[in-house]
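This report refers to the structure that appears directly beneath it.
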2 protein chains.
Amino acid sequence: MPHDAGSWPGDGSWAQADPRDAVATTKADQIRHAIEEMIISGTFPPGTVLRQDELSRRFGVSRTPIREALRQLGAVGFVSFTPNRGVRVQALDRDEWSQTYLARAVLEGAAAEAAATRITDDQLDELAAANAQFAHHTGVLRRANASRDDRGQAALAWVESNERFHSGILQAAELPVVERLVTSLRRVFSGEASWAPGSAADSLYAANLKQHEAIQAALAARNGRAARALMEAHIMDSWALMESVLDESQHD
Amino acid sequence: MPHDAGSWPGDGSWAQADPRDAVATTKADQIRHAIEEMIISGTFPPGTVLRQDELSRRFGVSRTPIREALRQLGAVGFVSFTPNRGVRVQALDRDEWSQTYLARAVLEGAAAEAAATRITDDQLDELAAANAQFAHHTGVLRRANASRDDRGQAALAWVESNERFHSGILQAAELPVVERLVTSLRRVFSGEASWAPGSAADSLYAANLKQHEAIQAALAARNGRAARALMEAHIMDSWALMESVLDESQHD
DNA sequence: TTGAACCATTTCGGATCCAAGATGTCCGAC
DNA sequence: GTCGGACATCTTGGATCCGAAATGGTTCAA
């Protein structure tokens, strides 16, 4: 191996971030994951130009696996290629964002409908737990007198419990292909928002919580049609929430 | 360039197959396209193991661009990777197929709804033309006394006019993100069927045609809700048609 | 002063070389 | 006869090298 492999940024935990790679994996795949995480976490904000040489130094490998990693990210839409010019972290405009939400809405709606007939009691319990968490963090976010630090913590936890709820439903639907699609849509979009849901439209958070509970109830009642309609409306409303966050951060 | 570049299979028309690549493109991208076409056209049936060395000889390039092309195809799901073992053309089982259709159904349904409010008269004319073509080829397919060769021709033309109708609606919807998603879903699935719709359930073809016409009418009437419901039902019915074709080919 | 051509620099794309993982076979031991 | 291990071979993964495209700055002429 060239360069100094010991000079890795962080602690090397980038490797095997995904259990799928635990058994056997290539550097190209590990690096794809690492770059993906860096994009999502905001280390590489949208619009950033990624230089192969710089990345190869940072990861302590030659440019070959870097290029393969970038090709994969390009195929999936995380970065955009310009031949002989380099790659740049994809930046979505508002219209593309809204379409991403639309796609998620109909796909997760279909998943919710499927889940209604298949969900087990254990899975329903899991959803209830996720929603309890969600309710708690929503409360912290809406509390005006919370410190800035608390808000940041709560925002992260809010996103996490939200994901827990949504992926719980996707798993219950037993539609792995659809689940993969939604996951990739969600990852692409999460890259842009360095999520500080912060002070955004207060009532929207409350509505969001109510919607989660309504969806949960529909699933418990095995009402597929209702679950679908509610989920669709919920995600389109989340888009409104997201838009208000975007507007806000634009005014900075 | 190594090897004999003159020994290209075919006539070199693989290059610049996509106008997007016309201005500036890399060999890796051209080869990705070429392999993709080969998978779709059935040259590389599902399950085929793709050897880098063989591909590099076939395309007259070194293994480097081949590997980048395969990485891209892998990221998109056309092929599956096994580290140190090679890549294999992805084979979908019946359940994954059905999910692919479900995803298409809801996404194209949403597109149809959007199209209803935006479609122009010119675009409506184009849909009508596509459907006229579709009707014609459906007729040939249903004619029992057609020769085997005629049927093959008609089958291809049938698929083509079907795509013309569907992509016409997607374009009218002005949702490029959704359109890309659907296109990639459709490409993956078309790889499997070396489409000889042939003798499959006759009444299903007739139903398919009627559904196209109903969707067209809903769009003309600017009825988004109806267009969406009809499109969804249409694609789920197409799945039934596809399933019967699959069953049939299984009995060979 | 401005614009166009030329050259140096940077970065990428592709080719080649080498190392490492995987498979299959052959041989020997039990 | 069968099981296990060592070895030969095949294929992939990664590193390095080189040519080509794009950029930016400089110079010369109009």
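So you know, we letter chains A, B, ... as the sequences are listed, proteins then strands, and number each from 1. Model, not experiment: these values are computed from the prediction.
Using a 30° and 60° split on the angle between ring planes, A:Tyr101 and A:Trp239 fall in the tilted class, from 30° to 60°.
If you check every strand for non-hydrogen atoms under 4.0 Å, B:Leu50 touches sugar and phosphate atoms only. Residue contacts for B:Arg63: at a heavy-atom cut-off of 4.0 Å it reaches a base atom on one of the strands shown.
Between the C1' atom of D:dA15 and the CG atom of A:Asp53 lies a distance of 13 Å, rounded to the nearest Å. Rounded to whole Å, atom C1' of C:dA15 lies 13 Å from atom CD1 of B:Ile66. Distance CZ (B:Arg67) to C1' (D:dG13): 5 Å, rounded to an integer number of Å. Distance A:Arg51 CZ to C:dT10 C1': 8 Å, rounded to the nearest Å. Taking atom CG on B:Leu55 and atom P on C:dA15, their separation rounds to 14 Å, with Å as the unit. Rounded to an integer number of Å, the gap from B:Lys27 NZ to C:dG14 P is 7 Å. Between B:Glu68 atom CD and C:dA15 atom P there is a gap of 10 Å when expressed in whole angstrom units. In this structure, B:Arg57 places its CZ atom 12 Å from P of D:dC10, rounding to the nearest Å.
Each of A:Arg104, A:Gln99, A:Glu108, A:Arg180 was evaluated against A:Leu185; a single residue qualifies, A:Arg104, per the side chain to side chain contact (heavy atoms under 4.5 Å, CB included) test.
Note on A:Gln52: every side-chain N or O is 4.0 Å or more away from OP1 and OP2 of C:dT10. In this structure, A:Ser62 reaches the D:dA15 phosphate: one of its side-chain N or O atoms is under 4.0 Å from OP1 or OP2. Listed pair A:Arg85 / D:dT23 meets the phosphate criterion, a side-chain N or O lying under 4.0 Å from OP1 or OP2.
The shortest side-chain heavy-atom distance between B:Ile235 and B:His166 falls under the 4.5 Å cut-off. Put simply, the side chain of A:Glu126 does not reach to within 4.5 Å of the side chain of A:Asp122, judged on heavy atoms.
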Could you go through the salt bridge (charged side-chain N to carboxylate O under 4.0 Å, His left out) check for A:Glu160 and A:Arg164 one step at a time?
CA-CA 6 Å; A:Glu160 194 190 311; A:Arg164 191 176 159 195; over 6 Å; no
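The A:Thr64 side chain lies nearest to D:dT16 when the options are D:dT16, C:dG13, C:dG14. Of the candidate nucleotides C:dG14, D:dA22, D:dA15, C:dG14 has the atom lying nearest to any side-chain atom of A:Arg71.
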